[in-house]
Amino acid sequence: MLCGTAGAKNIIYSPTVKSLQTVVNKDWLSPPVMRLNSGDVLNIGFDELSHEYKRFTYHIDHCEADWSLSEEIFESDYLSGFNDNPIEDYQNSINTTVLYTHYTLTIPNERCRLKMSGNYRLTVNDEEGERILTAEFMVLEPLVNVGLEVSANTDIDINRSHQQVSMSLNYGSINITNHNEQIYTVVTQNDRRDNAKTNIKPNFISNKGLKWSHNRSYIFEAGNEYRKFEILALSHPTMGIDRMSWDGHYYNAYPFVAEPRLNYIYDVDANGAFYIRNSDNIENDYTSDYVFVHYKLKSPLIPQGKLLIDGQWTTDEQTDNYTMTYDGTDNTYNAIIMQKQGYYSYRYTLLNDNGTTSIPPTEGSFYQTENRYQAYIYYKDTGGRTWRLVGYRQIEFKP
């Protein structure tokens with residue numbers, strides 16, 4: 001898991017839990033942001049790899065802007081109803097080689113409703129009280145106006161390998177006397193944590209708002225389009241898959257061998273998102289099977305760091321589950337991951353020895369890359385006890 005202090009992140013702690021997804025209003029391409037006191041619905045779903053019913057309960061915590069737990073407010077400040085509720089919506093898989101039970105819950109529901117904006121972490125525990133997963137999401141209270149623009153003409157290069165964000169913030173009706181203490185900003189690229197820009201100092205300050213223009217701290221590496229494949233059928237390959245096979249126990253999918261990308265090639269992708277479905281596209285959550293996906297990337301050996309497969313679906317606590325191993329006989333990096341049928345977008349990333357991430361030499365960075373950028377604006381009023389999310393904006397860069 002790539003850690004940080006910005007953007008929501010799902011984490012699975014149990015080896016028998018798979019395919020955790022957090023979606024607001026069925027918009028699987030966007031971060032899980034729901035508006036306070038609206039008709040927005042958050043859906044959290046996951047699979048447990050058996051047909052035995054497990055009694056899971058979920059606990060909701062309010063978090064600060066940096067995702068640390070809020071310690072100066074009470075549960076009754078942010079939650080109406082009850083906490084630690086059981087998950088009662090579940091369904092055994094049907095006609096699958098890998099048995100699993102799909103669990104789902106929605107927020108709000110008849111047992112609980114959220115009363116405050118900000119960051120939230122939902123923890124699912126088993127009968128012994130052991131944590132099996134956490135799902136993070138945001139609740140928006142739109143009090144400020146946020147402007148967001150992206151350009152490939154940056155302060156370090158023009159139409160080469162970077163993209164620069166410009167942002168403006170209009171306070172609207174909220175009273176700001178000290179923006180350094182009352183405003184907390186986060187800007188992300190494809191809602192990633194590893195390269196998020198947090199609390200960057202604005203270039204322009206007025207009594208009406210803040211502005212970030214030609215700010216070198218808001219320059220992002222453009223990267224490259226995410227790679228992708230789709231496993232819809234078990235009997236034959238679909239998009240991005242070279243072949244399918246059955247080994248007597250499990251189905252196996254073999255994406256085409258990935259080649260280094262030295263030049264930019266336009267491709268429509270989902271910036272790391274995934275969508276569970278099969279060719280029938282009916283009751284996907286419990287009729288889609290699990291297969292072992294065999295990743296292979298052609299590349300010389302990278303002397304330092306670990307090469308990882310990364311996407312919004314890479315939620316396991318241990319990065320080793322997504323680490324590729326090098327085979328010197330055919331100069332390839334390889335990994336085998338069990339995944340549910342569906343559409344997946346992913347990237348290769350290099351986890352450096354110091355814990356930072358970078359773009360591996362096989363991927364390149366090109367200004368034409370279509371990226372989504374998100375801006376989150378948090379506010380704490382004078383004497384306030386916690387950070388509220390009062391502004392949010394997402395835009396997609398298309399050159």
Side-chain angles (χ1 to χ4, degrees), residues 1-11 13 22 24 30-36 42 59-75 77-79 107 114-123 131 133-144 146 148 165 167 169 171 174 176-202 210 212 215 217-218 220 272 310 312 315 317 319 351 354-357 372-394:
M1 182 193 65
L2 305 181
C3 296
T5 59
K9 181 68 178 179
N10 293 341
I11 307 174
Y13 301 96
T22 305
V24 172
S30 296
V33 179
M34 58 191 304
R35 292 166 296 169
L36 185 67
L42 171 77
H59 182 90
I60 301 175
D61 288 301
H62 188 277
C63 297
E64 298 302 318
D66 64 357
W67 290 99
S68 62
L69 289 179
S70 300
E71 297 181 347
E72 297 187 15
I73 61 174
F74 299 103
E75 186 178 283
D77 290 326
Y78 64 85
L79 189 67
I107 303 291
L114 303 175
K115 299 163 55 178
M116 180 183 292
S117 67
N119 292 341
Y120 282 87
R121 180 177 298 120
L122 184 146
T123 302
R131 178 179 60 175
L133 65 86
T134 55
E136 296 177 342
F137 60 95
M138 288 78 74
V139 176
L140 171 66
E141 180 183 4
L143 299 179
V144 301
V146 184
L148 206 60
V165 172
M167 183 170 69
L169 169 61
Y171 293 149
I174 65 174
I176 301 296
T177 56
N178 185 340
H179 73 273
N180 288 317
E181 295 182 358
Q182 293 180 274
I183 296 293
Y184 188 103
T185 62
V186 176
V187 174
T188 58
Q189 179 194 65
N190 301 321
D191 213 40
R192 290 164 48 192
R193 285 192 168 189
D194 58 318
N195 66 349
K197 314 292 186 180
T198 302
N199 257 357
I200 301 301
K201 185 178 180 180
L210 308 172
W212 295 259
N215 194 313
S217 295
Y218 274 154
F220 291 79
D310 182 52
Q312 294 176 19
T315 53
E317 181 185 21
T319 57
L351 180 60
N354 62 2
T356 63
T357 61
R372 286 190 172 195
Y373 289 89
Q374 298 81 22
Y376 302 92
I377 310 299
Y378 298 88
Y379 163 69
K380 182 185 288 188
D381 55 15
T382 303
R385 295 175 294 153
T386 190
W387 289 97
R388 295 147 56 193
L389 179 61
V390 297
Y392 167 71
R393 183 77 184 276
Q394 175 177 248

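All residue numbers refer to positions in the sequence shown, counting from 1.
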Quick one: pull up [atom1] in [X] and [atom2] in [Y] and give me the separation to the nearest 0.5 Å.
{"X": "Met167", "Y": "Tyr373", "atom1": "CE", "atom2": "OH", "value": "13.5 Å"}
{"X": "Asn199", "Y": "Ile183", "atom1": "CG", "atom2": "CD1", "value": "9.5 Å"}
{"X": "Met116", "Y": "Arg388", "atom1": "CE", "atom2": "CZ", "value": "7.5 Å"}

Residue among Tyr184, Trp67, Tyr378 satisfying ring-ring contact (aromatic ring centres under 6.0 Å, His included) with Trp387: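 Of Tyr184, Trp67, Tyr378, ring-ring contact (aromatic ring centres under 6.0 Å, His included) with Trp387 is met by Tyr184 alone.
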If you define the side chain from C-beta out and look only at heavy atoms, does anything of [X] sit under 4.5 Å from [Y]?
{"X": "Gln189", "Y": "Val165", "value": "no"}
{"X": "Tyr376", "Y": "Asp191", "value": "yes"}
{"X": "Gln374", "Y": "Val33", "value": "no"}
{"X": "His179", "Y": "Pro202", "value": "yes"}
{"X": "Arg372", "Y": "Ser30", "value": "yes"}
{"X": "Val24", "Y": "Phe137", "value": "no"}
{"X": "Val144", "Y": "Tyr379", "value": "no"}
{"X": "Thr315", "Y": "Ile11", "value": "no"}

Electrostatic pair Arg131-Glu317, nearest N-O below 4.0 angstrom: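 Result for this pair is no, no salt bridge flagged.
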Note: Asp77-Arg385 ion pair, threshold 4.0 Å (strictly below):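 Between Arg385 and Asp77 there is a salt bridge, with a charged N closer than 4.0 Å to a carboxylate O.
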Gln182-Thr177 side chain donor-acceptor pair, cut-off 3.5 Å: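 Per modelled atom types, Gln182 and Thr177 side chains form a pair under 3.5 Å.
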Taking every non-hydrogen atom, the tightest pair across Ile107 and Met34: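 Looks like O-CE, 3.5 Å.
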With no hydrogens and no angle check, is any side-chain donor or acceptor of [X] less than 3.5 Å from a backbone partner on [Y]?
{"X": "Asn215", "Y": "Lys201", "result": "yes"}
{"X": "Asn119", "Y": "Met138", "result": "no"}
{"X": "Ser117", "Y": "Leu389", "result": "yes"}
{"X": "Tyr78", "Y": "Ile60", "result": "yes"}
{"X": "Ser70", "Y": "His62", "result": "yes"}

Qualifying residues under side chain to side chain contact (heavy atoms under 4.5 Å, CB included), relative to Asn180, sequence neighbours excluded: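 Applying side chain to side chain contact (heavy atoms under 4.5 Å, CB included) to Asn180 gives Asn178.
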